[in-house]
Amino acid sequence: QVRLVESGGGLVQAGDSLRLSCAPSGRITGRNGITWFRQAPGKEREFVASIKWSGDSTHYRDSVKGRFTISKDNDKNMVDLQMNSLKPEDTAVYYCAASLVFDLRSAPLAKTYSYWGQGTTVTVSA
């Protein structure tokens with residue numbers, strides 16, 4: 001069993017930065033994947049970025065490449081999502097999810113994930 005707790009959401013202006021954190025607890029190994037999804041009001045949940053728990057592989061959706069960075073903090077045993085140059089279209093509830101095995105092909109698919117956090121809200125004003 002894996003429990004995930006997100007933190008770091010808030011209200012910012014366009015162009016600002018925000019850092020989200022995901023703290024997993026339970027049985028996590030180097031093969032697991034930790035992924036950020038987001039869901040805007042009235043829209044489907046979409047993939048944002050993913051990292052293998054070992055830290056040696058990452059994957060991003062095209063619209064956040066160059067702006068968002070996913071990383072693992074080995075000291076704190078957490079996964080961070082650094083979001084720079086935020087845009088109003090980044091407004092959403094951001095969820096952290098854990099998969100049993102990290103796989104680049106299945107990482108963007110919500111059905112891949114067995115464990116989900118409760119979400120943290122990011123609001124970007126124009």
Side-chain angles (χ1 to χ4, degrees):
Q1 190 75 10
V2 176
R3 183 170 177 259
L4 303 163
V5 178
E6 303 100 332
S7 60
L11 171 63
V12 297
Q13 294 185 332
D16 284 352
S17 298
L18 206 56
R19 190 177 190 89
L20 305 182
S21 294
C22 174
S25 59
R27 184 171 174 79
I28 293 282
T29 72
R31 298 180 68 218
N32 290 118
I34 300 294
T35 298
W36 286 96
F37 284 83
R38 65 187 182 188
Q39 188 165 17
K43 295 188 177 181
E44 293 190 355
R45 193 167 296 190
E46 65 181 19
F47 166 79
V48 178
S50 185
I51 188 169
K52 192 174 181 182
W53 185 247
S54 61
D56 58 357
S57 186
T58 58
H59 184 41
Y60 297 89
R61 74 177 294 109
D62 287 344
S63 64
V64 306
K65 285 180 181 177
R67 298 191 298 125
F68 291 12
T69 302
I70 190 169
S71 62
K72 184 188 172 192
D73 186 329
N74 290 316
D75 291 337
K76 297 180 179 178
N77 237 27
M78 298 171 70
V79 169
D80 293 331
L81 183 68
Q82 177 66 41
M83 305 185 294
N84 299 328
S85 302
L86 283 162
K87 304 175 181 180
E89 50 264 43
D90 294 318
T91 294
V93 178
Y94 283 69
Y95 297 91
C96 177
S99 62
L100 296 178
V101 178
F102 178 83
D103 181 87
L104 287 176
R105 291 170 298 177
S106 61
L109 305 176
K111 65 180 182 180
T112 297
Y113 298 87
S114 304
Y115 306 102
W116 292 84
Q118 80 289 349
T120 185
T121 301
V122 173
T123 304
V124 185
S125 62

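This structure is a prediction, so every number in the text was calculated from the model and none was measured. All values below come from the heavy atoms of this structure, side chains included, with hydrogens, waters and symmetry mates left out.
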Locate the shortest heavy-atom distance separating [X] from [Y]; write the atom from each residue and the value.
{"X": "Ala98", "Y": "Tyr113", "result": "C-CD2, 3.4 Å"}
{"X": "Tyr95", "Y": "Gly117", "result": "CD2-O, 3.7 Å"}
{"X": "Leu104", "Y": "His59", "result": "CD2-CB, 3.7 Å"}
{"X": "Thr69", "Y": "Tyr60", "result": "CA-OH, 3.4 Å"}
{"X": "Val93", "Y": "Gly119", "result": "CG1-CA, 3.9 Å"}
{"X": "Ser57", "Y": "Phe102", "result": "OG-CE2, 3.3 Å"}

Indicate yes or no for a side-chain donor-acceptor contact from [X] to the backbone of [Y] under 3.5 Å, with no hydrogens or angles considered.
{"X": "Thr112", "Y": "Ser106", "value": "yes"}
{"X": "Gln118", "Y": "Val5", "value": "no"}
{"X": "Arg45", "Y": "Gln39", "value": "no"}
{"X": "Asp103", "Y": "Arg105", "value": "yes"}
{"X": "Thr58", "Y": "Ile51", "value": "no"}
{"X": "Tyr115", "Y": "Cys96", "value": "no"}
{"X": "Asp73", "Y": "Val79", "value": "no"}

Are [Y] and [X] connected into the same hydrophobic cluster when the rule is that any two of I, L, V, M, F, W, Y join if their side-chain heavy atoms are below 4.5 Å apart?
{"X": "Leu100", "Y": "Leu4", "answer": "yes"}
{"X": "Phe37", "Y": "Trp53", "answer": "no"}
{"X": "Phe47", "Y": "Val64", "answer": "no"}

What's the spacing between [X] [atom1] and [Y] [atom2] if we round to 0.5 Å?
{"X": "Asn74", "Y": "Lys72", "atom1": "CG", "atom2": "NZ", "result": "4.5 Å"}
{"X": "Arg67", "Y": "Ser17", "atom1": "CZ", "atom2": "OG", "result": "10.5 Å"}
{"X": "Ser25", "Y": "Met78", "atom1": "OG", "atom2": "CE", "result": "11.0 Å"}
{"X": "Ser50", "Y": "Leu81", "atom1": "OG", "atom2": "CG", "result": "11.0 Å"}
{"X": "Ile28", "Y": "Ser54", "atom1": "CD1", "atom2": "OG", "result": "12.0 Å"}

Inset, instruction - Kindly check if the number of other-residue, nucleotide or ligand heavy atoms within 6.0 Å of CD (Glu89) is above 12? - result: yes

Inset, instruction - Determine whether more than 12 heavy atoms belonging to other residues, nucleotides or ligands lie under 6.0 Å from atom CZ of Arg3. - result: no

Legend entry - Verdict with reasoning, Ser63 to Arg61, per side chain to side chain donor-acceptor pair (under 3.5 Å): CA-CA 6 Å; Ser63 64; Arg61 74 177 294 109; 3.1 Å; yes

Inset, instruction - Could you check whether the rings of Tyr94 and Phe68 sit parallel, tilted or perpendicular, using 30° and 60° as the cut-offs? - result: tilted

Inset, instruction - Could you check if a side-chain atom of Glu6 sits within less than 4.5 angstrom of a side-chain atom of Leu20, using non-hydrogen atoms only? - result: no

Legend entry - Pairwise side-chain contact, Ile34 with Lys52, heavy-atom cut-off 4.5 Å (strictly under): no

Legend entry - Distance-only side-chain donor-acceptor flag, Gln82 / Asn84, under 3.5 Å: yes

Legend entry - Derivation of the side-chain contact (heavy atoms from CB on, under 4.5 Å) call for Met83 and Val48: CA-CA 11 Å; Met83 305 185 294; Val48 178; over 6 Å; no

Inset, instruction - Give a yes or no on whether a salt bridge exists between Lys87 and Asp90, defined as a side-chain N under 4.0 angstrom from a carboxylate O. - result: no

